[in-house]
Amino acid sequence: MKVLIIGSGGREHCLAWKLASASNVSKIYAIPGNPGIAKIGQCINIGISGSDFKSISDFVFEENIDFTIVGPEAPLVDGIVDFFQSKGQKIFGPDKSAARLEGSKVFTKELCVKYGIPTAGSIKFNRNDYSEAVSYIKNLNDGDFPVVIKVDGLAAGKGVIIPQTKESALDEITNCFINNTFGSAADSLIIEEFIEGFEVSLLNLCDGRNIVPMALAQDYKKIFDGDRGKNTGGMGSYSPVPFVDEKLFNKMLSEIIYPSYEAIIKEGINYRGVLYGGIIVSKGQPYLLEYNCRFGDPETQAILPNLNSDLLDLMLRCSDGKLGSSKCSWRNTKCVCVVLASQGYPETSSKNDLIEGLDCPGDAETEKGGNSAIVFHAGTISRNSKIYTNGGRVLGVVASAESFKQARKVVYEAISNIRFEGMQFRRDIAKRVEEEIS
Ligand code: GLY
């Protein structure tokens, strides 16, 4: 079977790597892909935005590609699945209506309220409610801060803001509604209470009727050790999450994931693909923070190396509505992913810095399973057989081992061989798990 992966990040490299081991995959293509994916598949340099769906679909016809997998959220929210389905082409991911779960924070919040899904209390404002939003913030007490402001639409991972004070909350509202910082993504926004707790990512495979949970992962969003500094797209991850016992996991499923999926079906939405729940646990109670309509990045890089099941088979079943009573089977291994970011990230990112040391045990090509690290490419570019930085999150170094302690050891040893100007990474990914669990 010929498979096309849409996207260019570490998540897409990891998907390609996992699918390359599936017995039924004869060739992997990626649009646009990255130099890591290029080692296992053919990367095609055409765009992936709304207006390019026809070119992608034409390419799929020309190359007789059997199955297309969409990595990032933007093409899903823009309707790539609807476009492919209208051409009779098989694709993995939710259609435009279903992708509203990520594409509209207001839509998801209203669904949660309607169906009693535990989530933070919130209030919605439209752009022409600017003065009401200002009055609402002004009337809050100092003890009500921080609050969480979420712009309704997609905002490249920057649309969730947590102002600590009344003044900064007022500034943020002005940025959204008056200064137009987020464009039309902030035509509406919600202001919600801040819930203190620990966050987990719960990804689920869906076929329109059935939903199958995957192993939990935890993502590190802050740039610096100790969860300090600015928010990023994710500086590392690990899976599974031993702090969540079976009882709490079942509570997440029975109070959030399953009732949400029933609600989605009741609303007439045919959700196929991955439904990714961002969940916070506070005093033993899980609350839904957000839904995403795709695999998480970098959670995927920590989840898939532990997966025993045939990923292609599961994805095809999602797309065909045939998950039935399928389950994911997991190795008894622990996986850690550490992201190497470029200088200036997350505010800016430097490009064209030479990356050295990728031929150490740790390049994905030399991965032998068990005790070697895998390097997933993200913001990289290849020129004259050399690899350079080309974005904020550059590489994800991953190891799966019998303990978190061993996985961390392998990952950080591999990182010690990799160099580029201004390279930054966190040294505490899965450290607490190693100390408390291993
Ligand atoms: N790791 C966060 C995300 O994928 O949205």
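Atoms within each ligand, like the ligands themselves, are counted from 1 in listed order.
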(message) To check your reading of the model: name the closest protein heavy atom to atom 2 (C) of ligand 1, its residue, and the distance in Å.
(response) Tyr276 OH, 3.2 Å
(request) Quick one: look up the protein heavy atom nearest atom 5 (O) of ligand 1 and list residue, atom name and how far away it is. (result)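 Here the closest protein heavy atom is Arg294 NH2, 2.9 Å.
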(message) Regarding Gln218 and Tyr238, do their side chains bring together a donor and an acceptor under 3.5 Å, going by distance alone?
(response)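 Yes - a donor-acceptor pair under 3.5 Å links their side chains.
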(message) Hydrogens and angles aside, do Asn34 and Ser8 bring a side-chain donor and acceptor to less than 3.5 Å of each other?
(response)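 Side chains of Asn34 and Ser8: no pair found under 3.5 Å.
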(message) Looking at ligand 1, is there an atom of it that comes within less than 4.0 Å of some heavy atom belonging to Ser201?
(response)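 Under 4.0 Å: no for Ser201.
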(message) Check contact between Gly234 and ligand 1, using heavy atoms of the residue and a distance below 4.0 angstrom.
(response) no
(message) Quick check: do Glu267 and Phe107 have side-chain heavy atoms less than 4.5 Å from each other?
(response) no
(request) Please could you name the atoms of ligand 1 that Gly233 approaches to less than 4.0 Å, counting only its heavy atoms? (result)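 Every atom of ligand 1 under 4.0 Å from some heavy atom of Gly233: 1 (N).
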(message) Below the 3.5 angstrom mark, is there an N/O of Asp297, backbone or side chain, next to an N/O of ligand 1?
(response)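 Indeed, backbone or side chain, Asp297 has an N or O that close.
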(request) Would you please test Lys221 and Asp219 for salt bridge (charged side-chain N to carboxylate O under 4.0 Å, His left out) and show each step? (result) CA-CA 6 Å; Lys221 294 208 167 66; Asp219 172 23; 3.6 Å; yes
(request) Cation-pi check, Arg408 to Tyr412: give yes when NZ or CZ is under 6.0 Å from the six-membered ring centre and within 45° of the ring axis, no otherwise. (result) no
(request) Of the side chain and backbone of Glu299, name the one, both, or neither that has a heavy atom under 4.0 Å from an atom of ligand 1. (result)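 Near ligand 1, Glu299 shows its side chain, while the N, CA, C and O stay back.
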